[in-house]
Amino acid sequence: MDEAFDRAQELIATYDDELRRDLPENAEIFDAHVHLGNDIDGQVGVYDELERILDRYGISRAFMFCMDEPDRHPGFRAPNDRSLEHAKRSEGRLIPFVRLDLAEKPIEEAERCLDLGARGIKLHPRAQRFLLNDERLAPVFALAAERRVPILIHGGRGLPPIADHLARLVDAYPEAQLIIAHGGIADLAALAGRFAGKAGVFFDTSVWSPVDLLDIFNHVSPEQVLYASDYPYGRQPSSLLIAVRTAKLSGLDEEQLRNMLAGNAMRIAAGEAPLEPTPARGSDTFAQPMALARIHQYLSMATPLLWTWQSDTVGVIGLALNASAERNGQGGDLERIRELLTVAQETWRRLPDVAEEDRMLARRTTFGLIHIADILAVTSGAHD
């Protein structure tokens, strides 16, 4: 396993060079969504590891908040205190958000943490089990408007439609800037219908599928998009690769790309007015060679298996590898995808033999290989 794991890590590292070629020269990067702490789902965000990632990839600042921690009761008080300590340790690099539970004195906790230096609010309706028509949300938005701090809200999987209720809150408290995490994929069509072109409402890029991001750029102004990794769930270099390559494929110019990577978030952090939204730049159609479409399909099937610690009983990596044997003018990209998937398949096969303490890292590495392969499959041709 050591040999396969080392090969996997070395291969992922080669895509750092790919990323450097994709980024604008001397681009500043601001990560709008990172976690530190221990989640009840087993994921761990470690300060020292995050610092190394920020240094390696030239990320200057980040919005940071705690996870759904075992000691979150009452009201995330202890995890929020740790977030404030992490921010202090970072000397301004990590900008702390206070995480709230609507059932446990949210306004009291928000005011306490904002007074101590928090500069935003994090809400997670799925984890904390509330709906967006909950009357307890109005005072939270009112406080955010009063203090002129942003609210970042989970907008990914596991939610019912949220757009209508969220729009009513935004209309009632327009001074509260809103960041919809995970591109709002839970309710993207309705969210885009309500918020596309609305200054002060943002969508972050922390999604797995490049197709989702292409659709976000199709609906939403570049001035409304924030680069975000969702560390420790999202990792580098794939987190930046997926954002930059889909942005280029969607037609963002260099200024818009730089604003997506940092400028839009920097304005939020500085308390400045958002840029006036311009029209969305993406396309409402997407075409790709059949082999790459098949690879994306199979890798989409593989992802939930990895997330749930399943073996590849369906043989989806093998199906993707078989699809990569086609050419149709995409030989170079298909060869790179094939290399990634060959190493991923070998690493995945050995997961049952990995020591308990190393399994999370081994699974994460396998996922990283598959994710980069999928990004290449969907964004082939994104380069200038």
Side-chain angles (χ1 to χ4, degrees), residues 1 3-19 22 157 185 206-215 233-246 249 286-354 359-383:
M1 180 63 196
E3 183 178 345
F5 181 68
D6 289 345
R7 184 185 175 198
Q9 295 229 310
E10 289 170 4
L11 181 55
I12 290 174
T14 65
Y15 282 85
D16 287 359
D17 292 333
E18 177 101 4
L19 176 59
D22 280 345
R157 64 180 182 85
I185 61 171
S206 61
V207 303
W208 179 85
S209 172
V211 175
D212 280 332
L213 265 183
L214 290 173
D215 200 29
Y233 299 92
R235 295 280 172 160
Q236 303 297 356
S238 55
S239 173
L240 276 164
L241 279 171
I242 189 175
V244 173
R245 288 173 68 94
T246 55
L249 190 57
F286 174 62
Q288 65 180 154
M290 189 62 71
L292 296 176
R294 291 181 62 216
I295 290 167
H296 171 64
Q297 170 187 304
Y298 296 134
L299 298 185
S300 297
M301 294 167 60
T303 301
L305 296 178
L306 264 177
W307 283 345
T308 54
W309 295 91
Q310 304 299 309
S311 61
D312 187 11
T313 54
V314 183
V316 288
I317 298 298
L319 292 171
L321 277 167
N322 289 342
S324 73
E326 298 183 24
R327 286 298 176 263
N328 299 324
Q330 301 293 322
D333 287 326
L334 286 170
E335 283 300 326
R336 294 197 298 159
I337 290 169
R338 188 172 185 83
E339 181 183 27
L340 287 159
L341 295 182
T342 299
V343 177
Q345 185 179 58
E346 180 64 19
T347 310
W348 196 350
R349 283 174 175 168
R350 298 183 179 221
L351 282 177
D353 301 324
V354 177
R359 284 183 184 171
M360 181 64 78
L361 180 58
R363 184 179 69 156
R364 185 188 304 149
T365 301
T366 307
F367 177 81
L369 293 162
I370 290 172
H371 197 198
I372 294 172
D374 190 61
I375 294 166
L376 295 181
V378 172
T379 63
S380 177
H383 293 280

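Just so it is clear, the values below take in all heavy atoms, side chains as well, and ignore hydrogens, waters and symmetry mates.
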Colleague: Take a 6.0 Å sphere around CZ of Arg157 and say whether it holds more than 12 heavy atoms from other residues, nucleotides or ligands.
Modeller: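 No - once you tally the heavy atoms of other residues, nucleotides and ligands closer than 6.0 Å, there are 12 at most.
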Colleague: Rounded to the nearest 0.5 Å, how far does CG of Leu241 lie from OG1 of Thr379?
Modeller: 8.0 Å
Colleague: Over all heavy atoms of both residues, which pair between Ala320 and Ile295 is shortest? Give the atoms and the distance, please.
Modeller: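 Answer, listing the atom of Ala320 first, then Ile295: O-CG1, 3.7 Å.
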Colleague: Between Gln236 and Leu240 (side chain of the first, backbone of the second, donor and acceptor by atom type, cut-off under 3.5 Å), is there such a pair?
Modeller: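 The answer is yes, because a donor-acceptor pair under 3.5 Å joins these two groups.
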Colleague: What are the two closest non-hydrogen atoms of Leu299 and Asp374, and how far apart are they?
Modeller: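 The pair with the smallest heavy-atom distance is CD1-N, 3.6 Å.
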Colleague: Yes or no on side chain to side chain contact (heavy atoms under 4.5 Å, CB included) for Trp348 and Ile370, after CA distance, side-chain angles and deciding distance?
Modeller: CA-CA 10 Å; Trp348 196 350; Ile370 290 172; 4.2 Å; yes
Colleague: Do Arg245 and Leu376 come within less than 4.5 Å of each other through their side chains, counting heavy atoms only?
Modeller: yes
Colleague: Could you give the side-chain donor-acceptor pairs of residues 7-15 under 3.5 Å, partners two or more places apart or in another chain?
Modeller:
from, atom 1, to, atom 2, distance (Å)
Gln9, NE2, Thr365, OG1, 3.4
Thr14, OG1, Leu11, O, 2.5

Colleague: Evaluate the criterion side chain to side chain contact (heavy atoms under 4.5 Å, CB included) for residue pair Leu334 and Leu292; output intermediate values, then yes/no.
Modeller: CA-CA 8 Å; Leu334 286 170; Leu292 296 176; 3.6 Å; yes
Colleague: Nearest 0.5 Å, please: how far is CG in Asn322 from CD1 in Ile317?
Modeller: 11.5 Å
Colleague: Yes or no on side chain to side chain contact (heavy atoms under 4.5 Å, CB included) for His371 and Thr303, after CA distance, side-chain angles and deciding distance?
Modeller: CA-CA 8 Å; His371 197 198; Thr303 301; over 6 Å; no
Colleague: Locate the shortest heavy-atom distance separating Asp333 from Ser380; write the atom from each residue and the value.
Modeller: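 Smallest heavy-atom distance, with atoms named: OD2-OG, 2.5 Å.
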Colleague: Quick check for you: to the nearest 0.5 Å, what is the distance between Leu341 atom CG and Leu319 atom CG?
Modeller: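 Spacing of CG (Leu341) from CG (Leu319) equals 11.0 Å.
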Colleague: Given the rule in the side chain to side chain contact (heavy atoms under 4.5 Å, CB included) test, do Met360 and Arg364 qualify, once you have shown the distances and angles that lead to the verdict?
Modeller: CA-CA 6 Å; Met360 181 64 78; Arg364 185 188 304 149; 3.5 Å; yes
Colleague: How long is the straight-line distance from CZ of Phe367 back to CG of Leu305, given to the nearest 0.5 Å?
Modeller: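 It is 12.0 Å, given to the nearest 0.5 Å.
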Colleague: Any chance you could measure Arg363, atom CZ, to Thr347, atom OG1, to the nearest 0.5 Å?
Modeller: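 That separation rounds to 14.5 Å.
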Colleague: Indicate the atoms forming the closest heavy-atom contact of Pro237 with Leu19, along with that distance.
Modeller: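 For Pro237 versus Leu19, the nearest heavy atoms are CB-CD2, 4.2 Å.
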Colleague: Under 30°, 30 to 60°, or over 60°: which ring-plane class applies to Trp208 and His296, parallel, tilted or perpendicular?
Modeller: parallel
Colleague: Minimum heavy-atom separation for Leu321 and Ser324, please, with both atom names.
Modeller: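 Reported closest heavy-atom pair: O-OG, 2.6 Å.
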Colleague: Between atom CD1 of Ile372 and atom CD1 of Ile242, what is the distance when rounded to the nearest 0.5 Å?
Modeller: 11.0 Å
Colleague: Ignoring hydrogens, what is the shortest heavy-atom contact between Gln288 and Ala293? Give both atom names and the distance.
Modeller: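 Nearest pair, atom of Gln288 first, then Ala293: OE1-CA, 3.2 Å.
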